[in-house]
Amino acid sequence: MRAESLEFSAAARANLKKPALQQSLARIPIKFVRGRTDAAAAFGDFEALRDAGQAIRDAVLANLGHWLTEFERAAEARGVTVHWARDADEACRIVAEIARAGGVRTAVKSKSMVTEEIGLNAALGAAGVEVVETDLGEYVIQLANERPSHIVAPIIHKNRDEVADLFEAHHARDRQDPAWRDDIAGLCREAREVLRPKFLQADMGISGANFLIAETGSAMIVTNEGNGRLCTTLPRIHVAITGIEKVVPTLDDAATLLRLLTRSATGQPISNYVSLLTGPRDMGAAEGPEAMHVVLLDNGRAELLADEKLRPMLRCIRCGACMNHCPVYQSIGGHPYGWVYPGPMGSVLTPHFLGLEAAPDLPNAATLCGQCEVACPVKIPLPDMLRTLRERQVEAQIKGWRERMAYRIWGWLALRPRLYRPMARVGAWLLNIVADDGQLSWLPGGWTTGRTFPAPAGETFQQRVARQRAQADWEAR
Amino acid sequence: MNSRDAILSKFPPLSGVGRAPVVSPLPRPLGVGDLAAEFTARAAALQSTVERVAALDDVPTAIAAYLARLGLAPQLVCWPGLAALPWSNAGLNAVARPAEDRDLVGVTQCFAAIAETGTLMMCSGRDTPAVTSLLPETHIAVVPIERLVGTLEAGFAALRRELGQPPRAVNLVSGPSRTGDIEQTITLGAHGPYRMHILLIDGAAAGTGGAL
């Protein structure tokens, strides 16, 4: 998928000036943050649940190869065809080949970020397969030819009016009452009516998988709308595509993670539909796919596993809590992050998947306030990882020339104490003179556009140490 | 090297094969009252309606009253396990077959009901088609009280104990289908049922409850 992560700054600036978007983003703290807080409180010992979730994910990652082959064995025993894909191209080729061999002309798709990651819709389109997104948000995204701006709520950046515009342009309907545009339930019903025939006609259903269960060889899919059930029940072929990190040992492990996932994502104690799918149709049954495929995607995940510092990112269960709680995401939305995964988790994943130089701003697009780590259901140390990426940017020399020059000058000075000390004294003195009430209201670089910066205390660190030492010596005498 | 071996070869060496360390006791949500009370409260919180019924034979009357209250036609499709109920005595036209797109009311049993979240555990099978709880706008489920379990894990344990392995699809259903995609406004009836009614059967002789 085309990445626009290089244009982060410009896109972020532009988004700050869009009133409709800002209005939409203002719902995040009210709906998602409050929802998660309330759900965690109602649960009881949510901290213990987070610890348990982290323990399960870490244990899986410590033996990922083992659990994947266990899953493969159990799934194959139930008639599932398991495919392994090294990268996005291979995954797309596998699905296109399944479609070709099965004579598939239309496919319905349940929401899946991994299919966004590999650009599956375009690949299947090129192979002559019409793919229809069926999650309401993803369907709107498809009509708008955009990318999702949130991994759980894809159209959080749009309001009902924008959805109505798209429906008006794409659905031929008799619209008598002008109030239809304002009626959210009516818009939902319209999408239901347009999409139901697509489910009934589709040859193939495509889904992600929130968890793969090694114990039973099952794919677990968590949805609210019911489109995930329709996609995996009605078409004659079901393909589930997911990352290799999504495996868990047992159904009970999935239960623990499920409790964390839905509470962290939307504040629900459970999603409406949690489907455990194990193989093609039951003996003698009149429903269910004739064939079930699971595609296990690497696409850089194995490298993440080998990376000591970034490895905890693979614990991620894709709940979106980190972006919901991020003051930067709350201000600019998901699109400026420029690729599939926005917010703090995206600021770690995008530089890893696309390369540090493809997303130079992302590791810096965080205040390191720590809210993402506090909200993360599996305790991923996101701020530490962003710091690590910043260090790697410096090592790889991909910082802007201004920043590099500034550090070079500072480094040169710091190695020359005879020069550094008097300059620091003069600098602190000067800043104190221009300060107003101990606060600076103008500094180069934009820091002071919306806030002040405290002026130096008047005494440099070296001076203070010297003074305190002298005082201690005097008192000791 | 094929892709499978190429991917597996990239992993760091195994740090000892074993299952996840169990954090003991596993954290569970705070309970409320007995199983039936907890199930009823949790299901209601997710917009299901729950009605207590004395015996299985009272189901048709209860359903007829429910449909009449909502102004829905007295017509339904049901799982074969319920075909023998006295439907016509209650003025209902019931057909035992898997639901189709045009069917408006689907009546099912369930494998188990989970008090923790007010969830129905539905197992697919020849006589327990998943479409019946999915395609119609109204889903009504018949749940014998002895099929109530406390937690998700207890539901999975029943699955292992009674069926050995999960069938093609185990659907955990918690209330009517919903979406919050437009302006984070919760709207019921996204792609599945608009409403979900649960009949909790008190009588001990309520049968297998659809436990295949």
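So you know, we letter chains A, B, ... as the sequences are listed, proteins then strands, and number each from 1. Note: hydrogens, waters and symmetry copies are ignored here, and every other heavy atom, side chains too, is used.
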Shortest non-hydrogen pair, A:Tyr273 vs B:Pro193, comes out as OH-CD, 3.3 Å
request  = State plainly whether the residues B:Arg160 and A:Asp252 are in salt-bridge range, i.e. N to O under 4.0 Å.
outcome  = yes
Turns out that what part of B:Ala130 lies under 4.5 Å from chain A's heavy atoms comes down to both
Value for CG (A:Asn224) from CZ (B:Arg178), rounded to nearest 0.5 Å, stands at 6.5 Å
Bottom line for A:Phe46: the part with an atom under 4.5 Å from chain B's heavy atoms is neither
Closest heavy-atom pair, A:Ser275 versus B:Asn171, reported as atoms and distance to 0.1 Å, is OG-OD1, 2.6 Å
A:Glu287/B:Arg126 under salt bridge (Lys or Arg N to Asp or Glu O under 4.0 Å): CA gap, chis, key distance, verdict: CA-CA 8 Å; A:Glu287 61 169 20; B:Arg126 195 188 56 198; over 6 Å; no
- Task: Give the C-alpha distance, both sets of side-chain angles, the deciding distance and a yes or no for salt bridge (Lys or Arg N to Asp or Glu O under 4.0 Å) between A:Lys158 and B:Glu183.
- Result: CA-CA 7 Å; A:Lys158 288 197 181 300; B:Glu183 299 188 8; over 6 Å; no
Whatever's closer than 4.5 Å to a heavy atom in chain A on B:Ile186 counts as neither
d(B:Ile114 CD1, A:Ile270 CD1) to nearest 0.5 Å is 6.5 Å
Taken to the nearest 0.5 Å, the spacing of A:Arg259 CZ from B:Thr117 OG1 works out to 8.5 Å
Cut-off 4.5 Å, heavy atoms of chain A, and the answer for B:Gln47 is neither
Taking every heavy atom of B:Gly189 against every heavy atom of A:Arg192, the minimum-distance pair comes out as O-NH1, 3.4 Å
Separation between OG (B:Ser174) and CG (A:Asn272), nearest 0.5 Å, reads 6.5 Å
inquiry  = Is it the case that the side chains of B:Ser133 and A:Arg229 hold a donor-acceptor pair, with the cut-off being a distance below 3.5 Å and no angle test?
reply    = yes
* With a 4.5 Å limit on heavy-atom distance, are the side chains of A:Thr278 and B:Pro167 in contact? -> no
Given side-chain contact (heavy atoms from CB on, under 4.5 Å), test A:Phe199 with B:Leu134 step by step and report yes or no.
CA-CA 12 Å; A:Phe199 288 116; B:Leu134 181 61; over 6 Å; no
Between A:Arg196 and B:Glu137, is there a side-chain N and carboxylate O pair less than 4.0 Å apart? no
message = Could you tell me if the side chain of B:Arg168 sits less than 4.5 Å from the side chain of A:Pro289, heavy atoms only?
response = yes
